[in-house]
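First comes the structure, then the notes that go with it.
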Amino acid sequence: MGLVLDSSVVIDLLRGDVRDGSVLAPEREPVMISAVTVHEVLAGLRDGEGELTTAVLASFVVVPLAAAEAELSARWRREFRSQGITLDIADTAIGATAALRGVPLVTGNPKDFPMRELHLEPWAR
């Protein structure tokens with residue numbers, strides 16, 4: 001089946017906050033993250049977190065940001081901007097990663113992903 005984890009979920013996992021272990025159950029594989037999530041996580045590293053972070057990130061399938069993800073992300077940003085809603089480029093790129101693969105996006109921030117094409121799976125925060 002597979003799923004994509006939002007950056008907030010990966011950060012929670014890195015900090016030892018596993019709210020719902022079933023998200024990482026073997027039958028849910030592949031567990032994917034966007035290359036944008038790698039950037040967000042590494043940009044927010046605290047002192048002493050590098051080794052663990054590298055190991056955790058390596059445990060996921062990292063999906064590169066390709067033209068298809070960029071195009072869908074841009075379309076969403078334009079559509080919502082026309083309604084007076086500003087979406088974050090990182091969120092739309094991560095959402096596009098899940099939408100284009102037809103898998104759920106696991107997030108603790110569902111309000112950041114109002115795109116109707118997405119199937120969100122909540123991560124209790």
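Note: hydrogens, waters and symmetry copies are ignored here, and every other heavy atom, side chains too, is used.
Taking CG of L105 as the reference point, atom CD of E121 lies at 9.5 Å (rounded to 0.5 Å).
In this structure, a donor-acceptor pair under 3.5 Å is present between the side chains of S8 and D6.
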Show me the donor-acceptor pairs within less than 3.5 Å that the side chains of residues 30-42 make with the rest of the protein, sequence neighbours left out.
unit_1: S34; atom_1: OG; unit_2: V36; atom_2: N; d: 3.0
unit_1: T37; atom_1: OG1; unit_2: S7; atom_2: OG; d: 3.1
unit_1: E40; atom_1: OE1; unit_2: S7; atom_2: OG; d: 2.4

Let me check something: any side-chain donor-acceptor pairs from residues 56-75 under 3.5 Å, sequence neighbours excluded? List them with distances.
unit_1: S59; atom_1: OG; unit_2: V56; atom_2: O; d: 2.5
unit_1: E69; atom_1: OE1; unit_2: A66; atom_2: N; d: 3.0
unit_1: E69; atom_1: OE2; unit_2: R101; atom_2: NH1; d: 2.9
unit_1: E69; atom_1: OE2; unit_2: R101; atom_2: NH2; d: 2.8
unit_1: S73; atom_1: OG; unit_2: T92; atom_2: OG1; d: 2.5
unit_1: S73; atom_1: OG; unit_2: A93; atom_2: N; d: 3.4
unit_1: R75; atom_1: NH1; unit_2: E79; atom_2: OE1; d: 3.4
unit_1: R75; atom_1: NH1; unit_2: E79; atom_2: OE2; d: 2.8
unit_1: R75; atom_1: NH1; unit_2: E117; atom_2: OE2; d: 3.4
unit_1: R75; atom_1: NH2; unit_2: E117; atom_2: OE2; d: 3.0

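Annotation: side chain of W76 is in contact with side chain of L118 (closest heavy-atom distance under 4.5 Å). Side-chain atoms of L87 and M115, non-hydrogen and from C-beta on, do get closer than 4.5 Å to each other.
Cluster annotation: L45 is connected to V9 through the hydrophobic network of ILVMFWY side chains, with a link wherever side-chain heavy atoms come within less than 4.5 Å. Under a hydrophobic clustering in which Ile, Leu, Val, Met, Phe, Trp and Tyr are joined whenever their side-chain heavy atoms come within less than 4.5 Å, directly or via other members, F80 and L120 fall into the same cluster. In the hydrophobic clustering of this structure, L3 groups with I11; members are Ile, Leu, Val, Met, Phe, Trp, Tyr whose side-chain heavy atoms approach within less than 4.5 Å, directly or through other members.
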List the steps, then state whether side chain to side chain contact (heavy atoms under 4.5 Å, CB included) holds for V4 with V106.
CA-CA 6 Å; V4 172; V106 180; over 6 Å; no
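Taking both residues in full, the closest heavy atoms of G2 and P104 are given as O-CD, 3.5 Å, listed atom of the first, atom of the second, then distance. Between G95 and F113, the shortest heavy-atom distance links the atoms N-CE2, 4.1 Å. For M1 against V103, the heavy-atom pair with the smallest separation is O-CG1, 3.2 Å.
Evaluated for a side chain to side chain contact (heavy atoms under 4.5 Å, CB included) with W123, the options N109, D12, T107 yield exactly one hit, D12.
Heavy-atom contacts from other residues, nucleotides or ligands closer than 6.0 Å to CD1 of I85 number more than 12. For E51, the CD atom counts as loosely surrounded, since its 6.0 Å shell holds 12 or fewer non-hydrogen atoms of other residues, nucleotides or ligands.
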